[in-house]
Amino acid sequence: MSIATPTILIVDDEAQNRRLLAVLLRPEGYHTESAASGEEALDAVAHSAPDLILLDIMMPGIDGYQVASILKANPATANIPIIMVTAHAERSARLAGLEAGAEEFLTKPVDRTELWLRVRNLLRLKAFGDLQEHSFVLEQQVAARTADLQRFRTAMDATADAIMLVSRDTMRFVEVNATSCKMLGYTRAELLALGPVALGAVTREELERMYDTVIAGPADKKLSEATLHCKDGTQVQVEVNRQAMPSGNDWIIVSVVRDITERNQAQQRLQHLAHHDALTGLPNRSYFYETLRKTLALACEHGWKVAVMFIDLDHFKNVNDTLGHAVGDELLIQFSCRLVACVRARDTVGRLGGDEFALILVMEQGHQGAAQVATKIRDALHLPFNLQGCEVIMTASIGITVQPDDGSDPDVLIKYADTAMYQAKHAGRNTYRFFTAQMNVDVLQRLDLENALRKAIEKDEFVLYYQPKVAMASGAVVGLEALLRWNRPGYGLVTPALFIPVLEESGLIVRVGSWVIATACRQIKEWQLGEVGPVPVSVNVAGRQFREGDLEADVARALADTGIPPGLLELELTETSLMVNTERTIACLRNLRQRGVQVSIDDFGTGYSSLAYLRRFPIDKLKIDIAFVRDVTSNPDDAAIVGAIITMAHSLNLVVIAEGVETPAQQSYLLRHHCDQVQGYLISRPLPAALITQLMVLRKTRHQPAASQPARQTLLIVDDDSFMLELLASQLGGEHYRVLQAESAALAFDALAQNDVQVILCDQRLPAMDGTAFLDKVRAIYPETFRIVLSGEADLEQMMAAVNQGAIDRFYTKPWDQAVLQSSIRQAFSHARQRRAALSADALAR
């Protein structure tokens, strides 16, 4: 559109009218075009839109109304002013024209002045509308640009990264986003006033060179890390990605800054986790080895000695099994704290796994300094651990090796310390041991033994020996215990004490135990079908067979394969093995008991010995440990324990078996105290199946019940002088007593165990033990006996003290009056009967 020369389109079907209107408009400087019909008018407007249209109403084809309606309906031509020219002045014609969209009307013939005025006014109105439209467009463009800028700033502010725009010429910020302000603690105005130099740890020159490198360099080298200073004085570690953008004669450096503090902290945590134990925070195995290598290198350079200590908590597994793994973890945490407190800051404490800990000590005093630290650790364990309300006492076994005495290789030192630790465990735990060359020999021997045992399983080198159990009341063999033996090629029979512990520690006992059960059942079957007949056989079961094997399945398979009555198989378990995984153990034993299998507790008295578990576990028999049987006739404590076990077991309807019976005195004592069965070398050593078969058949054919002897008053005379023994026996034998003689306390204890002695006449001066001490033990074991001392050099005060303490009942001096002594012995038997009756009454009352 040209404002200087507006174009006017004249539309009329009569050429004369078109020429007239063009002539009238020419003096005003307008450019005119013409169209003879409505169709031509629409084509002309489509080709080049005029600034105004003079439109005749009455035309053939498309009339003026239709042309106006079409143009006004099109947004591209709706703003073109239309003046309708008509020969009709009727009001209806004008209304129709206004409705079609015309702005003005002229009546033919047209008045020149009116034409000019109407055309000029409409063109002015159109020009003003175009200007308004242009302003509106400009406003829309400005608004759009403002919205774009706002969206850009909003996007900048919304990002988690700080964005900073820096002018290279001024070295000042052009723009920063809200994240920049939040990250550094400044307002936007403060940052724009400060500039980038004030934020970094570099000079302006260094920053300029960095920007120039960004401008000139490739894009893949524009990522770097930096430290920025915050308003509060703190520092923040950032990763910066810089890009350069040209801006006229300047460059804008766009820096996208990311706070990598958390990432660095996460990397540090990962690094820490990679080198430290997650539970205790101590260096883990790999980091401990790395530290040890570095320490050894420094030690070699400076001539230091380095001690490596391997520490293992004793019986830690019991804590996990009884109190739970959470309590076990708490124990490890508390123990690690105590361990750290026992060493210096320069020493290293590590956790190698489980309950295994290790120390690296740089020592000036070598073995002495290491021993002091080990003692300090043991002392630190004296106080109980408080674990969720439970107080637990723990001990530790410690192995120590020293560089360069034992070696300088980290792996070797750790291995040697581990070896020494196991020696400390074998020594009874709660102690420490230094590594010695012999330990290495022992370890190699043990490895050789373990490998040989593995081959023994494959080559069927194990055999079973059997030891009889005899009923005290009848003397008949009522059962056998199957005992494992190893017939090692080139060595012969290996003592069980050497290989059974290795089987248990290595876990091989599970496979061997299964073999023992199957083999014993096959032997039971063979005896059942032969001359021996049905005989119960017991087999020992290790704790690991409960934990790692399937004992119930092993028994069920053996019984099914042989078809023997389940009652002929008995399982012997130690008290300790019963307490492992208690609920599972109880369920297993109950299932076996339901099948008819017998269950007994072996080595009773050496473990928990609790009535609570005796009631919980399905048990048929108790076996009294040999440790109590060995001195049962002479040790009051052992005698009391054996008596208590028998009484307790019988109250629970359990059969009692005493193992390790080797003397007639032991057997007699146990018989008098109502023990049900005995087992030991007195009856028979363990024998192979062929020999035990012969023994069983022989005893079966020759066994006769022992005839009961009538009860007699029995006097025991104890004196190391054989002449005095014969003299006293001859003087007192005429009283129709049964007189026994013993020349020592040991022989006297045997006589007491095998005979019902009512009165003891004892010399004060005996070898190894004086008379009053001997009789004091007799009082504890046989309280119903009447005890008399006969001495030639009696200490009156000592004798009175013994009487007052109850050790002796009477004492006489040598030489004695025979009549008086005989009378005293008769009274002593009377007192003994009264004492026995009183004790029996007390027992019945209880």
Side-chain angles (χ1 to χ4, degrees), residues 310 312 314-315 317 352-356 397-401 406-407 411-429 431-467 481-520 539-549 551 554 572-574 576-577 580 602-603 606 626 685-688:
F310 199 100
D312 186 269
D314 298 328
H315 303 300
K317 191 176 185 303
L352 305 188
D355 61 328
E356 296 177 348
S397 299
I398 304 172
I400 309 171
T401 185
D406 301 324
D411 293 322
V412 171
L413 290 173
I414 288 290
K415 183 181 75 171
Y416 286 173
D418 188 19
T419 300
M421 183 273 294
Y422 275 105
Q423 291 298 320
K425 283 194 177 295
H426 290 310
R429 296 181 170 85
T431 188
Y432 62 87
R433 288 290 184 271
F434 283 91
F435 174 79
T436 64
Q438 183 60 41
M439 289 181 184
N440 206 31
V441 173
D442 294 341
V443 169
L444 293 176
Q445 289 178 345
R446 187 190 182 284
L447 289 175
D448 178 65
L449 184 60
E450 186 175 328
N451 290 331
L453 286 170
R454 294 182 186 277
K455 293 179 182 178
I457 297 174
E458 306 300 331
K459 296 181 179 180
D460 199 21
E461 296 174 3
F462 292 109
V463 294
L464 288 184
Y465 276 41
Y466 299 87
Q467 188 174 35
E481 179 180 1
L483 299 167
L484 183 65
R485 296 292 184 265
W486 178 21
N487 192 7
R488 186 178 183 184
Y491 294 84
L493 285 178
V494 181
T495 175
L498 289 179
F499 72 87
I500 294 292
V502 178
L503 287 176
E504 293 180 344
E505 292 172 12
S506 64
L508 295 173
I509 195 65
V510 177
R511 293 174 60 188
V512 175
S514 178
W515 176 87
V516 169
I517 292 171
T519 304
V539 297
N540 293 283
V541 177
R544 296 190 76 157
Q545 289 179 261
F546 283 101
R547 298 195 305 271
E548 302 171 21
L551 178 63
D554 290 342
E572 290 193 12
L573 305 94
T574 63
T576 304
S577 65
V580 176
D602 196 9
D603 302 335
T606 61
I626 187 175
R685 291 176 175 270
L687 298 171

Undergrad: What are the two closest heavy atoms between A542 and I509, and how far apart are they?
TA: CB-CG1, 3.8 Å
Undergrad: Heavy-atom distance under 4.5 Å between the side chains of K459 and P489, does that happen here?
TA: no
Undergrad: Only counting residues at least two apart or in another chain, list the ones meeting ring pair (Phe, Tyr, Trp, His ring centres under 6.0 Å) with F310.
TA: none
Undergrad: Do W515 and D460 have side chains that approach each other closer than 4.5 Å (heavy atoms only, starting at C-beta)?
TA: yes
Undergrad: Could you tell me if the side chain of R544 sits less than 4.5 Å from the side chain of L503, heavy atoms only?
TA: no
Undergrad: Under a 3.5 Å cutoff, is there a donor and acceptor pairing between the side chains of S397 and D312?
TA: no
Undergrad: Check whether any side-chain heavy atom of L453 sits under 4.5 Å from a side-chain heavy atom of F462, and report yes or no.
TA: yes
Undergrad: Where do V510 and G549 come nearest, in terms of heavy atoms and distance?
TA: CG1-CA, 3.7 Å
Undergrad: Show your working on side-chain contact (heavy atoms from CB on, under 4.5 Å) between L464 and L484 and close with a plain yes or no.
TA: CA-CA 5 Å; L464 288 184; L484 183 65; 4.2 Å; yes
Undergrad: Parallel under 30°, tilted from 30 to 60°, perpendicular over 60°: which one fits the rings of H426 and Y422?
TA: tilted
Undergrad: If I take atom CZ from residue R433 and atom CE from residue M421, how far apart are they, to the nearest 0.5 angstrom?
TA: 13.5 Å
Undergrad: Out of V516, N540, V512, L551, which one pairs with Q545 under the side-chain contact (heavy atoms from CB on, under 4.5 Å) rule?
TA: L551
Undergrad: Say you draw a straight line from CG of D554 to CZ of R511; how long is it, rounded to the nearest 0.5 Å?
TA: 12.5 Å
Undergrad: Would you name the heavy atoms of R488 and A452 that are closest together and state the gap between them?
TA: NH2-CB, 3.6 Å
Undergrad: If you measure from CD1 on I414 to OG1 on T419, what distance do you get to the nearest 0.5 Å?
TA: 11.0 Å
Undergrad: Report yes if some heavy atom in the side chain of F499 is under 4.5 Å from a heavy atom in the side chain of L508; otherwise report no.
TA: no
Undergrad: Do you know the tightest heavy-atom contact between W486 and A456?
TA: NE1-CB, 3.4 Å
Undergrad: What I'd like to find out is whether the side chain of T519 reaches to under 4.5 Å of the side chain of V539, using heavy atoms alone.
TA: no
Undergrad: Taking all non-hydrogen atoms of both residues into account, name the closest pair between A420 and F434 and its distance.
TA: CB-C, 4.1 Å
Undergrad: Determine the minimum heavy-atom distance between E548 and G507, stating which atoms define it.
TA: OE1-CA, 4.5 Å
Undergrad: Is a salt bridge present between E458 and R454, judged by a nitrogen-to-oxygen distance below 4.0 Å?
TA: no
Undergrad: Between atom CD1 of I398 and atom CZ of R429, what is the distance when rounded to the nearest 0.5 Å?
TA: 14.0 Å
Undergrad: Return the CG to CZ distance between D418 and F435, rounded to the nearest 0.5 Å.
TA: 11.0 Å
Undergrad: Are side-chain heavy atoms of D602 and L573 found at a separation under 4.5 Å?
TA: no
